[in-house]
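What follows is one structure encoded as structure tokens, with my remarks underneath.
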Amino acid sequence: MDNVIRFSVSLPERLLTELDKKVVEQGYASRSEFTRDLIREKIVKDSWEDGKKGEVIGVLTLIYAYRQNDLVETMDVILHDSKVNIMCNTQVHVDSENRIETIMIKGNVKRIKDLTQKISVLKGVKFSKLVEADVPAS
């Protein structure tokens, strides 16, 4: 693990009060833990926005009518042609008409977003959400 370096941050009193509320509400052990999470979140967000990082990871969650014409086959073709790494996917039948699927993806930001867009607009896809994630430095 890297050496921990202490530094100080100046905040207006009201902002510090709000910070302390969030630390307690969310169960953090300290302001430092909360602040580290905020910094990591910002780094991940920026890695998706600027696209400069080589590869990122994400999770695409879908709910769809799996009996909708050729939907599953069309999705498979899109996934195979996407030039992203499908690390894992899980499919669960919600009921007799619907399936929920999570697809863990690794690759270039633009390619992941293109893949997500192509699948989310297909007829029969009822819900689509990409969770933009990554592994920031500790």
Side-chain angles (χ1 to χ4, degrees):
M1 180 173 184
D2 291 334
N3 291 333
V4 175
I5 299 170
R6 288 180 172 74
F7 68 98
S8 66
V9 176
S10 300
L11 296 174
E13 186 175 353
R14 288 185 357 188
L15 187 55
L16 182 61
T17 300
E18 289 299 315
L19 171 67
D20 287 341
K21 283 183 193 175
K22 292 291 181 188
V23 168
V24 171
E25 288 172 3
Q26 295 180 20
Y28 282 91
S30 66
R31 290 176 182 160
S32 293
E33 286 296 326
F34 183 85
T35 303
R36 278 191 282 272
D37 273 359
L38 287 177
I39 293 168
R40 288 183 192 113
E41 184 178 322
K42 176 67 173 149
I43 290 169
V44 168
K45 183 179 182 216
D46 287 352
S47 70
W48 276 84
E49 287 178 2
D50 64 25
K52 291 178 185 172
K53 185 171 180 186
E55 288 190 328
V56 293
I57 57 174
V59 179
L60 177 58
T61 301
L62 303 165
I63 297 176
Y64 56 91
Y66 67 91
R67 294 183 185 180
Q68 176 80 37
N69 295 330
D70 296 328
L71 176 61
V72 173
E73 292 81 9
T74 303
M75 285 174 38
D76 283 345
V77 169
I78 292 169
L79 288 168
H80 288 137
D81 292 346
S82 67
K83 295 187 170 114
V84 298
N85 180 12
I86 308 298
M87 297 165 35
C88 175
N89 74 331
T90 303
Q91 304 168 355
V92 176
H93 292 265
V94 176
D95 54 36
S96 62
E97 297 177 18
N98 298 292
R99 181 183 285 171
I100 185 168
E101 183 168 352
T102 58
I103 307 168
M104 282 136 251
I105 309 166
K106 182 177 183 180
N108 172 278
V109 170
K110 183 179 179 342
R111 288 182 178 164
I112 290 174
K113 288 185 175 183
D114 287 348
L115 164 70
T116 299
Q117 178 63 25
K118 287 176 183 174
I119 289 180
S120 66
V121 300
L122 294 173
K123 185 175 182 179
V125 174
K126 300 176 179 183
F127 175 83
S128 173
K129 176 143 178 95
L130 175 64
V131 175
E132 298 174 351
D134 204 4
V135 182
S138 298

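- Between atom CD1 of residue Ile103 and atom OG of residue Ser82 there is a gap of 9.0 Å, rounded to the nearest 0.5 Å.
- Under a hydrophobic clustering in which Ile, Leu, Val, Met, Phe, Trp and Tyr are joined whenever their side-chain heavy atoms come within less than 4.5 Å, directly or via other members, Ile100 and Leu71 fall into different clusters.
- The two residues Val56 and Ala133 come nearest to each other via the heavy atoms CB-O, 4.1 Å.
- Rounded to the nearest 0.5 angstrom, Lys42 NZ and Ser47 OG are separated by 10.5 Å.
- Between Leu122 and Thr74 there is a side-chain heavy-atom pair separated by less than 4.5 Å.
- A heavy-atom distance below 4.5 Å is not found between the side chains of Asp76 and Glu73.
- The shortest distance between side-chain heavy atoms of Glu33 and Asp37 does not fall below 4.5 Å.
- A salt bridge does not link Asp114 with Lys118: none of the charged nitrogens is closer than 4.0 Å to a carboxylate oxygen.
- A heavy-atom distance below 4.5 Å is not found between the side chains of Asp70 and Val72.
- Judged by distance alone, with hydrogens and angles left aside, the side-chain atoms of Trp48 form no donor-acceptor pair with the main-chain N or O of Val109 at under 3.5 Å.
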Exercise answer: donor-acceptor pairs, residues 59-68 side-chain atoms, under 3.5 Å, sequence neighbours excluded:
unit_1, atom_1, unit_2, atom_2, d
Tyr64, OH, Arg99, NH1, 3.4
Tyr64, OH, Glu101, OE1, 2.5
Tyr66, OH, His93, ND1, 3.4
Tyr66, OH, Ser96, O, 3.4

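- One side chain, Lys126 or Asn98, offers a donor N or O that lies under 3.5 Å from an acceptor on the other.
- Residue pairs meeting the ring-ring contact (aromatic ring centres under 6.0 Å, His included) criterion with at least one member in residues 7-44, sequence neighbours excluded, are Tyr28-Phe34.
- You'll find the side chain of Ile119 reaches within 4.5 Å of the side chain of Leu115, heavy atoms only.
- Within the structure, the salt bridge (Lys or Arg N to Asp or Glu O under 4.0 Å) test picks out the following pairs touching residues 5-19 (sequence neighbours left out): Glu18-Lys21.
- Arg36 contributes atom CZ, which lies 6.0 Å from atom OG of Ser30 (distance to the nearest 0.5 angstrom).
- Residues Met104 and Val92 do not share a hydrophobic cluster, clusters being chains of Ile/Leu/Val/Met/Phe/Trp/Tyr side chains in contact below 4.5 Å.
- Between the CG atom of Asp46 and the CD atom of Glu41 there is a distance of 10.5 Å, given to the nearest 0.5 Å.
- Of all the heavy atoms in Ile57 and Met87, the pair that sits closest is CG2-SD, 4.2 Å.
- Distance check, rounded to the nearest 0.5 Å: CG of Leu11 to CG of Leu19 gives 6.5 Å.
- Using a distance-only test at 3.5 Å, with no hydrogens or angles considered, a donor-acceptor pair links the side chain of Asp95 to the main chain of Glu97.
- For the pair Leu16/Arg31, a side-chain contact is recorded, criterion being any heavy-atom separation below 4.5 Å from C-beta on.
- Leu38 CG to Lys22 NZ: the interatomic distance, rounded to the nearest 0.5 Å, is 10.5 Å.
- At least one donor-acceptor pair under 3.5 Å links the side chain of Asn108 to the backbone N or O of Arg111.
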